[in-house]
Structures are given as structure tokens and as C-alpha cells.
Amino acid sequence: MQPILEMRHISKRFPGVLASDNVNISLFPGEILAIIGENGAGKSTLMNILFGLYQPDEGQIFIKGEPVKILNPNQAIAHGIGMVHQHFMLVSPFTVAENIVLGAEPRRGLSLDINKAKKAVSEVSHRYGLRVKPEATIEELPVGVQQRVEILKILYRGAEIIVLDEPTAVLNPQEIKELYAIMQNLTSQGKSIIFITHKLNEVTNISQRVTVMRRGKVMGTVATKDTSPAELANLMVGRQVLLQVQKNPTEVGNTVLAVKDLVTQDLTGEKLLDRVSFEIRAGEILGVAGVEGNGQTELVEVLTGLRRAHSGSVHLNGAEITNFTARQVKERKVGHIPEDRQKRGLELDFTVQENLIFGFHYKPPFAKHGLLNKQGIAQHADRMIEEFDIRTPNSETITRSLSGGNHQKVIIAREMHQEPDLLIASQPSRGVDIGAIEFIHRRIVAHRDAGKAVLLISPELSEVLSLSDRVAVIYEGQIMGIMNSSEVTEEQLGLMMAGIRPENYHPLEERSPVHGR
Amino acid sequence: MADKERKASGLREILVPLGATGLGLVVGAVIIMTIGENPLRAYAALFYGAFGSLDRILGTLTRATPIIITGLAVALPFKAGLFNIGVEGQMLMGALAAAVVGSSFRGLPMLVHLPLAIVAAMVGGGLWAFIPAWLKARRGIHEVINTIMMNFIANAVLAYLVVEVLRTPGEMIPKTPPILSSAVLARFGDSIPGITARLNMGFVLALLAAVALYYLLWRTTTGYEIRAVGLNPKAAEYAGIDVPRRIMLAMVLSGLLAGLAGAERILGFGRTLFLGFSPGFGFEGIAVALLGRNHPVGILLAALLFGALSSGGMRLSFATDVPSDIIVVLQATIIFFVAADQIVRAIIFPKKKGVA
Ligand SMILES: Nc1ncnc2c1ncn2[C@@H]1O[C@H](COP(=O)(O)OP(=O)(O)OP(=O)(O)O)[C@@H](O)[C@H]1O
Ligand SMILES: [Mg+2]
């Protein structure tokens with residue numbers, strides 16, 4: 001069978017990195033090809049080349065056997081290529097219909113024919129079974145639906161080849177299942193899909209073939225059914241990866257964080273957190289499980305001084321820190337890995353070294369008497385780059401040009417190196433490769449073993465369960481219950497995440513043992 | 001390696017404004033030709049007018065001085081994500097303070113009087129900036145709107161005070177009493193025979209201000225915080241930076257600079273304040289900052305260019321039939337091309353595709 005798409009001998013150099021090094025990939029009609037690889041391996045770059053956002057230094061692209069030149073996204077679209085980027089590109093205040101037709105609007109005279117647009121949108125959404133409300137504005141939609149809009153947008157433009165760059169990183173488990181169904185439906189209608197991910201179980205679940213990349217090169221392409229997650233992991237990082245976290249029981253110490261009856265409201269007076277209480281002791285990881293949007297963000301914001309509590313109290317090491325400012329909280333040795341690294345965690349247009357001191361920039365050895373100490377900053381950066389394996393040409397590179405996973409590593413390095421008494425980690429492994437996840441998980445466990453407290457927030461049950469000593473489930477701003485993670489099943493958690501309290505149901509006889517990743 | 005890359009990207013930063021200037025001159029040439037004049041002759045006259053003799057060179061530097069400072073005054077809040085349109089008004093207030101302090105306190109030694117007058121001017125500008133700064137930081141009122149309003153108020157206040165209160169008796173046009181000799185910024189021309197240009201110590205202050213701004217932005221924690229706020233205020237908040245305070249600081253420092261520009265005009269250049277002494281230096285500063293990419297070095301060069309165009313423009317209209325209005329056209333087209341930098345990039349980097 002002839003491939004619908006081939007990229008041959010593609011090379012692309014950025015200042016200081018060879019992002020694509022003689023890369024060959026092919027895609028067959030009706031196929032789902034997974035591309036996996038470490039952070040910074042060059043996956044997004046390769047796809048951006050395909051989509052005409054970058055020009056390759058060398059190599060050629062063939063569509064249905066014909067060589068083509070793709071100079072910009074419009075030409076890519078004309079060749080039937082569509083792409084959903086790692087970070088969405090929708091116009092938030094616009095409606096779904098407006099976003100989908102944007103760039104290829106049906107017109108009446110000079111103005112947009114909105115009715116025709118709506119009709120066209122419901123037509124595509126019907127044909128491919130992607131349900132959306134055409135009148136809804138983007139900002140009121142959950143991410144999963146926004147992603148669907150991105151996919152529809154591509155289909156509306158008549159894409160045959162669909163590129164999804166880490167589509168599952170932002171989705172909850174339910175949304176991931178729906179995405180799988182959509183993908184399968186699309187291939188059954190003859191579309192071909194390239195799917196980038198860091199999660200090996202997703203690869204085995206959905207793809208027919210897997211291409212593994214490392215440091216700009218293709219390490220190999222294998223049929224999914226002939227491989228295993230362990231083998232893929234090995235190919236990807238070039239060594240054995242522990243897919244399971246190693247964790248030994250430890251002694252817990254004094255209470256580090258004590259949260260009591262915490263309440264916070266939005267402007268309309270609706271409670272975003274409702275009498276939240278819990279404690280974390282030294283040497284303990286408390287996981288917070290819950291469907292995204294049930295108050296996790298607000299909880300972290302209140303604890304870190306980014307949002308006001310209306311009532312209740314927060315104590316750190318016995319001292320009250322309720323409604324302290326962000327800097328005051330930091331000063332008391334609280335580290336914070338924020339859930340949104342682009343919005344909160346980084347100054348994307350700062351250099352890597354500047355980001356590695358962000359929030360500590362006024363303290364020695366980075367500054368003295370209000371003056372920055374260039375040497376101290378540079379040395380610190382080099383140490384962090386080495387220790388946390390941040391892939392960057394050098395410490396003076398603009399952070400924006402790093403790959404998604406390396407953004408995350410910059411934040412983790414910055415927040416962990418100062419060994420905070422309390423580490424608040426929101427989705428610490430979002431978008432990072434398995435080698436890095438292993439590393440991050442090990443660091444978090446080591447942090448706990450060193451007698452510090454960790455608050456871990458993650459929508460991924462397996463992550464919460466494998467790392468935490470205790471798990472709290474949050475639902476609509478309330479804590480549904482707190483359990484020892486060794487005594488709880490995914491099923492129980494699932495029920496609590498849906499708002500059913502443990503005292504209101506009777507556990508099943510056979511308990512499935514908990515599996516980590 | 002890293003150095004080479006930085007130089008390469010630095011080069012690109014310079015190429016765009018240079019390309020914009022070149023394109024502006026080309027458009028100007030076309031216009032001059034349609035008038036029926038020879039553009040080469042016109043540009044030669046312009047160049048001669050700006051740099052043809054020592055006096056003319058000093059004249060160009062004199063014209064550049066206030067817009068170096070106002071350019072810096074625009075750039076600083078810009079780094080914090082703020083657009084200070086009120087530099088003009090802040091400069092007027094600074095000039096007012098300089099005129100009042102500089103013409104009073106007879107008998108003070110220069111060592112006290114001059115610094116006092118300069119500081120008064122800077123405080124005047126700073127206070128005028130503090131009002132919109134506070135409104136922005138604490139009440140969320142957009143700085144573009146309220147700095148524009150403050151410009152109108154400054155104009156009206158100045159007009160009232162100069163005409164009704166401070167006017168020198170017996171003068172035809174309303175102007176303030178002359179600056180006392182103990183409060184003037186010395187003019188370089190006074191010690192060189194044949195020099196009429198009024199280049200004064202204010203030029204040195206302008207250069208110092210450029211160095212100070214560079215130092216502030218890239219060497220101090222305060223500058224670091226200001227830049228962080230400008231690029232991503234949500235992240236700055238996360239990092240424990242007091243965003244409203246940094247916003248206020250950037251605006252007030254900008255006002256201090258604007259006041260300094262007023263001091264140079266009154267204490268050095270004019271030595272009295274009459275209404276209309278500023279043809280809009282504060283607004284020209286916006287153009288200069290834009291052309292100079294908000295970088296102190298770029299601003300120096302851009303101010304020099306604008307200064308040369310203005311001072312050479314006089315000569316142009318004497319020596320040729322080209323009206324000096326062509327200068328405004330040139331400035332406007334250059335700014336147009338800087339703002340529409342994609343056009344310039346497409347022309348000067350034709351092969352390389354723009355990186356997304
Ligand atoms: N515009 C750019 N300028 C300079 N370097 C870049 C640019 N884009 C990417 N790079 C570099 O190219 C390399 C590959 O980056 P890319 O984004 O393709 O990685 P990735 O495989 O998608 O990683 P991730 O899984 O973290 O998203 C990285 O080293 C990155 O720093
Ligand atoms: Mg990527």
C-alpha cells in the first residue's frame with residue numbers, strides 16, 4: 001500500500017540544537033501512527049515542519065507519492081493536513097461556529113454568513129460524531145470540548161491527515177476515552193492520524209504503529225502489537241525505565257500544614273472551597289484526587305497566597321499563614337509547581353537562567369542590595385540544567401524556545417532545589433516524558449523521605465495512588481474523605497470523585513489491588 | 001557559541017529599524033520626485049543641514065536631547081506593560097517646577113540651586129505621573145485614558161499659571177522670569193566662538209539617564225521585576241512580585257524622567273518658560289522609543305535620527321523647493337514601517353521564513 005504521507009531525510013537546525021536529524025516517517029491511509037520520544041526529541045518540530053510553520057533545512061515531504069513544498073499552514077491545509085497544537089489556538093471570546101469557519105468563512109457579500117456557518121458546523125460535527133454547541137463561546141467550554149472544536153476546525157477544512165500534538169495531556173480520563181472514540185471513528189472514515197503522546201499505555205491502546213524519536217533522530221518504527229511499554233520506554237530513553245515508583249514506608253513527623261474549615265467564594269458568592277480541612281505531616285505525601293475543576297486550583301491558590309480565603313485558617317509549622325501574600329508564603333519555605341506552567345509558572349520571554357531564579361531573584365546568591373549577581377545566577381543555572389537534565393542549548397536561551405516538557409523541568413528545578421518544607425505540586429508530570437516522570441516521581445518521594453511534606457494534586461488516579469501516602473478526594477469544593485492510599489481502590493476513589501461519600505455505599509467483596517504506573 | 005548567537009539576534013534587532021529608516025527614505029524620495037525636485041539634492045541638503053558644520057552637529061544633538069529623555073521615559077513603563085502617553089504632560093509639569101524654582105531663591109549657591117531645580121522638575125513630573133499610576137494600579141483605570149486626560153490638565157494648568165500668575169511683567173509674550181545664573185545648565189557653545197547651538201549639560205544628563213535605565217532594567221532586581229510584570233503579570237504575581245507596586249514604580253520613574261526632560265529645556269535650552277516651548281517632545285518620545293525598540297542604545301540612535309531630521313529640515317526648505325513638512329512625512333513613514341515590521345522583515349530577510 002502506498003503511504004498517504006512520507007517525510008524523507010528531514011533535518012532542521014535551531015541555534016545550538018539539531019531538532020530533526022535525517023528523519024524519515026511514513027503514514028498509511030486509515031492508520032493511527034503514534035510518535036513518542038523524550039522532551040525535546042523534536043516531535044513538535046517535525047510536525048511544525050509538516051504544517052508549514054518551519055522550513056526544513058534538508059529533506060522532502062511526499063503526499064500520496066508526490067513531492068510537495070509546504071511553505072505555510074495554508075498550503076498544508078490545501079494538501080489536506082490539519083494540526084491540533086500542543087497549546088490550543090482558538091479565539092476565546094468567539095463562538096464555536098465562528099472559530100471553526102475562521103479563515104474559510106462562508107460569506108454573504110462582505111459579511112460573515114453566520115447561519116450558513118452554523119449549518120456547515122453542525123454538518124461536520126454530525127458526520128464525524130463530534131458533538132458541540134455551535135453558539136457556545138470557547139471560554140465557557142471545558143478543555144476537552146475545546147479540543148473537539150480544534151479537531152472540527154481541521155475537518156471543516158477538509159483534512160485527510162490529522163496531527164494531534166499531545167492531545168491527552170490536558171484531558172481527564174473520561175475525555176481521553178471520548179477522544180479515543182473520535183479518533184477511531186475518524187480512521188474508520190478513511191482519515192489518517194499522527195498522534196504524539198508521552199503515555200505508553202495510550203500508544204498501546206490506540207495506535208497501529210509507533211515511531212520512537214530521541215534527540216532529533218528516529219530510533220525506530222515498530223508495529224504496536226509487536227512491542228511492549230517496557231521496550232518502548234527503553235527505545236525512548238535508551239535505558240531501563242522504572243515504570244513503578246519505589247517507595248518505602250517512613251516515619252511521619254510533626255504537622256507541617258494544617259488547613260481548617262477553609263472557605264473561598266467567587267464574586268457571585270458561590271463557594272469554590274467549602275470548609276476544607278486536612279493536615280499534612282513531615283515525611284508524608286497527601287494526594288488530592290478529583291475531576292479537574294472541583295476546587296483544586298482554588299485550594300492551591302489560597303494556600304500559596306494567590307487568592308483570599310473568606311474564612312478558615314492555614315497553619316504552616318504551627319504558625320498561622322492565612323491570607324499571607326505570595327512572597328510571604330514563599331519566604332516560609334513553600335514550593336509551588338503550578339498547574340499552568342505557561343500562564344503562571346514561567347516568563348516565557350525570559351532566559352532560562354532568569355526563570356530558574358524567578359521568585360528567589362532578590363535573595364543571595366542571586367542578588368545583593370538590590371543588584372543582580374550575574375555570576376551567581378549563571379552558576380546556579382548551569383547546576384540546575386545539569387541536575388534536572390534540562391535540554392537547552394545554554395542557560396541564556398529564551399525559555400519559549402524550549403520544548404514543553406523542558407518548560408516543566410525548569411519549574412521543577414526552581415521549586416525543588418531550595419528544599420521547601422512544603423511542596424505543592426499541581427500536575428507535576430503533565431507533558432513530561434516517561435524518563436522525566438520517573439525522575440520527578442523519585443524526587444518527590446525523596447523529598448518526602450527527607451522529612452518534608454508534599455501536597456500532590458493530579459487528575460491522574462494512578463499517579464495520585466502510587467505516590468501518595470494518603471489520598472483526599474475533592475468534589476465541588478468539599479473534601480469527600482481522606483484515606484490511606486494502601487487501603488483504597490481506584491473504584492472507591494472513582495465513586496467519591498463523582499460525589500458519593502464512603503459512608504453512603506457498601507464496598508464490594510473483592511477488592512482489586514491498586515496498581516501504580 | 002552563545003555569544004555569536006546573541007550577536008546574530010542583536011543584529012536582527014538593529015536591522016529592522018534600519019530597514020524601516022531606509023524604506024522611509026525611499027518613500028520620501030518618491031514624494032519629493034512627485035513635487036518635481038531631485039531627492040538626492042534634497043537629502044544632501046537635509047544631511048548638510050544636520051551635520052554640515054560643528055555648529056549644525058551640536059544643533060542636531062541639542063534637538064535630540066529632550067527626545068532621548070522622553071524616549072527613555074516612554075520605554076521604561078513599556079517594559080512593565082504600560083503605555084505612558086502622558087510623558088508630554090509630565091514634562092510640562094517638570095518644566096513648570098524648573099521655571100519656578102530656577103527663577104526664585106536668589107543668592108543660593110549653584111551647587112545647591114541647580115540640583116534643587118533639577119530635582120524639583122523631576123518631582124513635578126513624577127507627581128504628575130503618580131496620579132494615573134495610582135489610578136491604574138489600585139483602581140484598574142486604563143493608563144492610556146488617564147494619561148491622555150492628564151496631558152490636557154497639564155496644558156491648562158500651565159497656560160493659566162504662565163499667563164495669569166508667573167508672567168514676567170512688561171514682556172510681550174507671556175513667559176516666566178528668567179532662570180537665575182545659579183540654576184542654569186551650562187551651554188557648551190558659550191566657551192566655543194561661533195557656536196550658536198544651545199547644547200547644554202542636559203545632554204550629558206540624558207546620556208546618564210540612558211545608562212541608568214539600562215542598569216536599572218538589566219542589573220537590578222527591581223528592573224527584573226518590572227520586566228517580569230510587563231511580560232506576564234500572572235506569572236509575576238505567582239513569583240511573589242507585588243504587581244501593582246511595580247506598575248506604580250515604573251510610571252513614577254517615567255514621570256521623573258519626563259520631568260528631567262523639562263528641566264533640560266528650561267534650565268539649559270530656553271532659560272525661561274513660554275507657552276508652546278514644546279512641539280510635543282513627549283509624543284515624539286513615543287516614536288523614538290518605538291523606533292529604538294525600547295532599548296536605551298536604540299533610543300539614543302533613534303533620537304539622533306529624529307533630531308537630525310528636525311534640525312536638517314530647516315536647511316532643506318531654504319535650499320530647495322521641498323517644504324519642511326516632508327520631515328514629518330519621513331518620520332511618519334519610518335514609524336509606520338517599524339510598526340509594520342513584518343513588511344520590513346519580508347524585504348530584508350526574503351529567504352528565511354519567519355519563525356512562528
Ligand atoms: N523556535 C525554536 N527556536 C529554537 N529552538 C527551538 C525552537 N523550537 C524548538 N526548539 C528546540 O528544538 C528541540 C526540539 O523541540 P520540540 O518542541 O520539537 O520537542 P518535542 O519533542 O515536541 O518535546 P516535548 O515532548 O517536550 O513537547 C528542543 O531542543 C527545542 O529547544
Ligand atoms: Mg512538543
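The analysis underlying the following values was restricted to heavy atoms, covering all of them including side chains, and did not include hydrogens, waters or symmetry mates. Here is how names work: the chains are called A, B, and so on, in the same order as the sequence lines, proteins then strands, and each is numbered from 1.
Considering OH of B:Y238 and CZ of A:R341, their distance stands at 13.0 Å, rounded to 0.5 Å. One finds the CD atom of A:E347 at 9.0 Å from the CZ atom of B:R227 (value rounded to the nearest 0.5 Å). Separation of atoms CZ (A:F358) and CD1 (B:I241) is listed at 4.5 Å; rounding is to 0.5 Å.
When atom types are taken as modelled, the side chain of B:N232 and the backbone of A:K343 share a donor-acceptor pair closer than 3.5 angstrom.
Other residues, nucleotides and ligands place no more than 12 heavy atoms under 6.0 Å from the NZ atom of B:K234. A:R215 CZ: 12 or fewer foreign heavy atoms inside a 6.0 Å radius. For B:R245, the CZ atom is loosely surrounded, since the number of other residues' heavy atoms within 6.0 Å does not exceed 12.
For chain B, the nearby part of A:L346 is the backbone; its heavy atoms alone come within less than 4.5 Å. At a 4.5 Å heavy-atom cutoff, the contact between A:Q342 and chain B is made by backbone atoms alone. The parts of A:I357 that come within reach of chain B are both its backbone and its side chain, each placing non-hydrogen atoms under 4.5 angstrom from that chain.
The only option from A:R327, A:R344, A:R307 that meets the salt bridge (Lys or Arg N to Asp or Glu O under 4.0 Å) definition with B:E237 turns out to be A:R344.
Nearest approach of A:A326 to B:G240, heavy atoms of both residues: CB-CA, 3.8 Å.
Ring-centre distance between B:Y224 and A:F350: below the 6.0 Å cut-off.
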What pairs of donor and acceptor atoms, side-chain ones from residues 367-376 of chain A against any protein atom, are under 3.5 angstrom apart with sequence neighbours left out?
unit_1: A:N373; atom_1: OD1; unit_2: A:Q375; atom_2: N; d: 3.2
unit_1: A:N373; atom_1: OD1; unit_2: A:G376; atom_2: N; d: 3.2
unit_1: A:N373; atom_1: ND2; unit_2: A:P365; atom_2: O; d: 3.0

